[in-house]
Amino acid sequence: MEYNYQEIEARWQKKWREDQAYKVSEDPNKKKYYVLDMFPYPSGAGLHVGHPLGYIASDVYARYKRHLGFNVLHPMGYDSFGLPAEQYAIQTGQHPAITTKNNIARYREQLDKMGFCYDWSREVRTSDPEYYRWTQWIFKQLFNAWYNHDTNKAEPIDSLIAKFEDNGSYNVNAAIDENWWKELDLEAFPQFGEHFAGEFTATDWTSFSEKQQQLVLMHFRLTFLADSWVNWCPALGTVLANDEIKDGVSERGGHPVEQKLMRQWSMRISAYAQRLIDDLETVDWNDSIKEIQRNWIGRSEGAQVFFQLADHPHSIEVFTTRPDTVFGATFMVLAPEHELVETITTEEYRDEINAYVKQAKAKTERDRQANVKQVTGAFTGAYAVHPFTGDKLPVWIADYVLAGYGTGAVMAVPAGDQRDYDFAKTFRIPIPNIFEGVDISEEACADKSAVLCNSDFLDGMPAKKAISACCSRLEEMGIGKGRVNYRLRDAVFSRQRYWGEPFPVYYRDGVPYVLEDHELVTLPDVDKYLPTEDGEPPLARATQDAWNIWKGDRMEYNTMPGWAGSSWYFLRYMDALNDKEFCARSKSDYWGQVDLYIGGAEHATGHLLYSRFWTKFLYDMGHIGFSEPFAKMINQGMILGRSSFVYRIKDTNTFVTLEKKDDHETQALYADIALVDNDILNTEAFAKWREEYKGAEFILNDQGNYVCGHEVEKMSKSKFNVQTPDELVEKFGADTLRCYEMFLGPLEQAKPWDTKGINGVHNFLRKTTRLFEKADDATPSKDNLKSVHKTIKKITEDLERYSWNTVVSALMIAVNELTEQKCTSREALSPLAVLLSPYAPHLAAELWNNLGHQGSVLDAAWPQFDEKHLVEDEIEYPVSFNGKMRFKLPLPADMNPKEVEAAVMAHERTAEFLQGEPKKVIVVPGRIVNIVM
RNA sequence: GCGGGUGUGGUGAAAUUGGUAGACACGCUAGACUUAGGAUCUAGUGCUUCGCGGCAUGGGGGUUCGAGUCCCUCCACCCGCACCA
């Protein structure tokens, strides 16, 4: 009987669909296991063989856990808002909802063919109003919350209001922008004078108007509206978050990005910076991703120091990680955007400063990064006073100081910081040495073990000691203190796009309000998916009656970014159909954290950080019972394509085979991998492939073949190296494809796709079919049981350590051995069918059925290995001399080391290799014998 | 520059706690069979040597009876961050 995979797979898929075999529900009597794939964006291109790699791995794991008796949650859905569908809509006018729906249908068709065990009754789509109803709900929760540093968690905004009513702003330790009051529109607060510094009494609070209260509260909310410097991408017509920019250009499309001050919704992720670092310890992720997150959050310890300005009431606040080097400070540098620049610049230097600021602002992020080496700056004419020496320090501006980090100002210590050193050299500023016995004539000294000198009370101390000494002194003097700074910025949450979640926000009198909890704003229809004439986002095109809800003066016109919906989707799967809550607490308590999360590493600073943030927030507010979403994560590597090349002789239509290409001047051109078998080109098909190759002539090799060159690179249509899962399922079956993708190598590693190798795996399944065909009631032989139990042990251990690839080899070895042994025993073969089932579920079901088993193979108990079948009577000892294996000697397994040594020494072959007496003989029982000469 | 990772046959890889390096496949070579297939079966296949043997896990050094595995050092490639004070 042939292995008729098409018939087998179609039949079992139909049965499982009819039986709803993958539907799960909470069962308190069973242990749960949650296996999740990263949320896919359903792109128009469909899946190529690289995409399902992770899905297959998670599917294998979900099935394995089910065999072990776990109640396995394994859902799938779509992150279906996003730019590509909208760009397509702009070009064609087709509503992105239609594009998205079609793309999803295509995805689903491809996924179904591969036989995944998803519980599709839990499918979610972020663009579905019944999903984003709850995304909006979470936004409202964030809006109505603040972060209390005293309790170190988010709290309802009411607890803040209560504090204000009680004691005003005093004793409030909130996560809030420093100097937030400077952002307050003081015209709205006529009662505050010029010296308002963010402090108000309970009486002030209660006397505030509704609008005034709202304006104040806005600065405390976990999602807030504020003027902030954003990355504006003119080509995409929207702002981008830091993680959406790579190398200074937009990640999508590679367009230039510039800095712009815009009124935007932001998320106060910075409040969670420390917890996001600390809790990395509690998750089982690979070190590289954890490290990327740590770097991204960028914690640094140092000190905040105020430098009084000479002849000005203001002082400059700086952040430094090396307060110990303060005696080496010879100048100050502000970022060109620093708010004091305008105020402190003297008339004499005004033109120069204005020119520098203008030029710095005109630079795109990319220009700025490209000219890192070039030292530029300008002197403001102002001086600051050194807090310890009283020296006057000139205040400069330079774009090596970033407005967005720390306070946008530094105390420059040329002796201790290379950038300050380079700046000082360029502008001929003195570089006094503050390190004992260190030569700083060539470069600055950043070594923390260097001992300080010329530093008054810090003399003789190394950095560690001096830092704390200096911090205490600063604190005594009331001009600074130790503090921790984070690189992580609050995340901009508005996008000026159409195809995203609308905000549940309306404006009255310029003040934003959120809708009632039960109210859902759906996306209104618009005439075009473009900004309005005066630059408002596309939603501003919608007429008032196009909105399902309209309140106040107007609705919010921005939409939410792509990461909004994907930050909490893993929770919705637990209770996907709930129309009362985002997810019932009883369900999230049962399913809990994702036990195994599989997906690419490219989301390290986006999705994986944002979803941790929202999880912590929902935890703080008591909506869920855990504060990390993904307990274990594995990042699959990319599958690369293997492109084929033909070599056309310049200015001809003649193609020369790889071996002879160096005899000619040639041009390498892509050949579709479908026209190439084993690097040999089907010349006839090639000539028909494209009009321009019609009548092509070929110079062949000595065997009469045309051999193509090849290269490993990303799979893409333009390289003609794409293989889709569809065509492979068609040719070999889903089971073969599943096994083969796993067989390719370790999941995490990037690896090239070998179009040829799949034959070997297909062959293995055919051999398996043949082996099971002859099953009968025969009693299993000792060898049969040994092979089977060895395999049970190996596969179980491999799966427990997430080694998907070696399992396939183990199955192959088992089938090879049992075939060799001419095994026909149903008893021996049955466990093998279960072992096979996670990888090749259709074939396993067929075999299981044919063996005469009643229930579904899906729920068959995972076989337990029995040590007794693995005991050997005889061990083949490798005998080595000085560590080199020379021969093997079979000896009874129960021999003790002394007897083994005696047997080896007595053996005739030992004499061959041994000259004289051995120095030592090492016997590791059951393993090896080593004779030292 | 900083951080993380990876280097094993012609190819993908295996070797889990230091114990027979290259399992399992692809490819290749030779042969068998035939219903000429992208079929199946048999044998071989790290390099080198006629053979005994010698050499081999990026290079060099070390620890050990024994190192792909542990330590030091250098090199190459990949990923992330990057004027972060």
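All of these numbers come straight from a predicted model, not from anything done at the bench. Numbers restart at 1 for each chain; the letters A, B, ... are given by sequence-line order, proteins then strands.
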Quick one: is Arg886(A) getting a side-chain N or O under 4.0 Å of the rG54(B) phosphate, OP1 or OP2? yes
When rounded to the nearest Å, what value does the distance between C1' atoms of rU63(B) and rG3(B) take? 29 Å
Please work out if Lys919(A) contacts a base, only the sugar-phosphate, or nothing of the nucleic acid, heavy-atom cut-off 4.0 Å. nothing
Nearest whole angstrom, please: distance from the C1' of rG12(B) to the OH of Tyr740(A). 7 Å
Using only side-chain N and O atoms of Gln749(A), determine if any of them is under 4.0 Å from OP1 or OP2 of rA13(B). yes
Quick one: label Asp422(A) by what it contacts on the DNA or RNA (base, sugar-phosphate, nothing), any heavy atom closer than 4.0 Å. nothing
Please indicate whether Arg927(A) has more than 12 foreign heavy atoms, meaning atoms of other residues, nucleotides or ligands, lying under 6.0 Å from its CZ. no
Closer than 4.0 Å, any side-chain N/O of Thr806(A) to the OP1 or OP2 of rA13(B)? no
Just to be sure I understand the rule, does Val410(A) reach a base, reach only the sugar-phosphate, or reach nothing, if contact means heavy atoms closer than 4.0 Å? base
With P as the reference atom in both, quote the distance from rA15(B) to rC83(B) in angstrom, rounded to an integer. 41 Å
Would you call the rings of Phe423(A) and Phe331(A) parallel, tilted or perpendicular, where under 30° means parallel and over 60° means perpendicular? parallel
Counting any heavy atom closer than 4.0 Å, what does Thr605(A) reach on the DNA or RNA strands: base, sugar-phosphate only, or nothing? nothing
Reckon Asn805(A) touches a base, only the sugar-phosphate, or nothing at all at heavy-atom distances under 4.0 Å? sugar-phosphate
Determine the Euclidean distance between corresponding P atoms of rU42(B) and rC33(B); express it in Å to zero decimal places. 15 Å
Hey, does Tyr400(A) have a side-chain heavy atom less than 4.5 Å from the side chain of Asp422(A)? no
Would you indicate which nucleotide in rA82(B), rA21(B), rC26(B) comes nearest to any side-chain atom of Asp754(A)? rC26(B)
Does atom CD of Glu876(A) have more than 12 heavy-atom neighbours from other groups under 6.0 Å away? yes
rA15(B), OP1 or OP2 - any side-chain N/O from Arg801(A) closer than 4.0 Å? yes
Would you say rA39(B) has OP1 or OP2 under 4.0 Å from some side-chain N or O of Asn763(A)? no
Would you classify Asn816(A) as touching base, sugar-phosphate or nothing, given that sugar-phosphate means primed atoms plus P, OP1 and OP2, and contacts are heavy atoms under 4.0 Å? sugar-phosphate
Partner nucleotide of rG66(B) by Watson-Crick or wobble geometry (both distances under 3.5 Å): none
On RNA chain B, compare the nucleotides closest to Lys751(A) and Met411(A); which residue's is nearer the 5' end? Lys751(A)
note: Ile758(A), atom CD1; rA25(B), atom C1'; distance rounded to Å ~ 13 Å
Can you tell me, in whole Å, how much space there is between the C1' of rA36(B) and that of rG44(B)? 25 Å
Is any side-chain heavy atom of Met742(A) closer than 4.5 Å to one of Ile56(A)? yes
Donor-acceptor pair under 3.5 Å: do we get one between Asn295(A)'s side chain and the base of rC81(B)? no
Both distances under 3.5 Å, Watson-Crick or G-U wobble: report the partner of rA56(B), or none. none
Base paired to rC77(B) (Watson-Crick or G-U; both N/O distances under 3.5 angstrom): rG5(B)
Checking base pairs now: Watson-Crick or wobble, both atom distances under 3.5 Å. What partners rA14(B)? none
Out of rU40(B), rG19(B), rC65(B), whichever nucleotide has its closest atom nearest the side chain of Arg766(A): rU40(B)
Reckon Lys290(A) touches a base, only the sugar-phosphate, or nothing at all at heavy-atom distances under 4.0 Å? nothing
If you count every heavy atom of other residues, nucleotides or ligands that lies below 6.0 Å from Lys632(A) atom NZ, does the total exceed 12? yes
Is there a side-chain polar atom (N or O) of Arg642(A) under 4.0 Å from OP1 or OP2 of rG12(B)? no
Given side-chain contact (heavy atoms from CB on, under 4.5 Å), test Glu817(A) with Lys790(A) step by step and report yes or no. CA-CA 11 Å; Glu817(A) 284 181 3; Lys790(A) 183 179 78 181; 2.8 Å; yes
Arg927(A) atom CZ is separated from rA15(B) atom P, nearest whole Å, by 14 Å
Please classify the glycosidic conformation of rG9(B) as syn (within 90° of 0) or anti (everything else). syn
Atom CD of residue position Glu800(A) - does it have more than 12 heavy atoms of other residues, nucleotides or ligands inside 6.0 Å? yes
I want to verify a distance call: between rG38(B), rA85(B), rG5(B), whose nearest atom is closest to the Asp287(A) side chain? rG5(B)
Taking any strand in view, what nucleotide pairs with rA21(B) in a Watson-Crick or G-U wobble way, both distances under 3.5 Å? none
Taking the P atom in each of rG60(B) and rU69(B), what is the distance between them to the nearest angstrom? 13 Å
Under 4.0 Å between any heavy atoms, over every strand shown, what does Leu744(A) touch: base, sugar-phosphate, or nothing? Just pick one. sugar-phosphate
For Val401(A), answer base if it contacts any base atom (sugar-phosphate contacts may also be present), sugar-phosphate if it contacts only those atoms, and nothing otherwise; contact means non-hydrogen atoms under 4.0 Å. base
Can the positive tip of Arg642(A) be found less than 6.0 Å from the middle of the six-membered ring of Trp753(A), inside 45° of the ring normal? no
Looking only at atom C1', what distance separates rG58(B) and rU6(B), rounded to whole Å? 11 Å
Could you identify the nucleotide paired to rA30(B), looking across every strand shown and requiring Watson-Crick or G-U wobble geometry with both distances under 3.5 Å? rU42(B)
Starting at CD of Glu251(A) and ending at C1' of rC79(B), how long is that distance when rounded to a whole Å? 14 Å
Identify whether any heavy atom of Ser288(A) sits under 4.0 Å from a base atom; if not, whether one sits that close to sugar-phosphate; answer base, sugar-phosphate or nothing. sugar-phosphate
C1' gap between rG59(B) and rA76(B), integer Å: 10 Å
Between C1' of rA43(B) and CD of Glu820(A), the distance in whole Å: 14 Å
Applying a 4.0 Å non-hydrogen cut-off, can you work out what Ile813(A) is touching in the nucleic acid: base, sugar-phosphate, or nothing? sugar-phosphate
For the side chain of Lys884(A) and the base of rU20(B), is some donor closer than 3.5 Å to an acceptor across the two? no
Determine the contact category for Arg489(A): base if any of its heavy atoms lies under 4.0 Å from a base atom, sugar-phosphate if only primed atoms, P, OP1 or OP2 are that close, otherwise nothing. nothing
Provide, to the nearest angstrom, the distance between the CG atom belonging to Leu640(A) and the P atom belonging to rC79(B). 11 Å
My understanding is that a pair needs two contacts under 3.5 Å, Watson-Crick or G-U wobble. By that rule, which nucleotide pairs with rG51(B)? none
How close or far is atom P of rG12(B) from atom CG of Asp679(A), stated in whole angstroms? 14 Å
Pick one: which of Leu608(A), Ile634(A), Asn635(A) meets side chain to side chain contact (heavy atoms under 4.5 Å, CB included) with Trp285(A)? Leu608(A)
Leu608(A) CG to rC79(B) C1', in whole Å, measures 15 Å
Residue met sooner reading RNA chain B from 5', once Val761(A) and Glu876(A) are mapped to nucleotides: Glu876(A)
Separation of the C1' atoms in rC47(B) and rA56(B), to the nearest angstrom: 7 Å
Reckon Asn678(A) touches a base, only the sugar-phosphate, or nothing at all at heavy-atom distances under 4.0 Å? sugar-phosphate
So what does Glu291(A) touch, heavy atoms closer than 4.0 Å: a base, only the sugar-phosphate, or nothing? sugar-phosphate
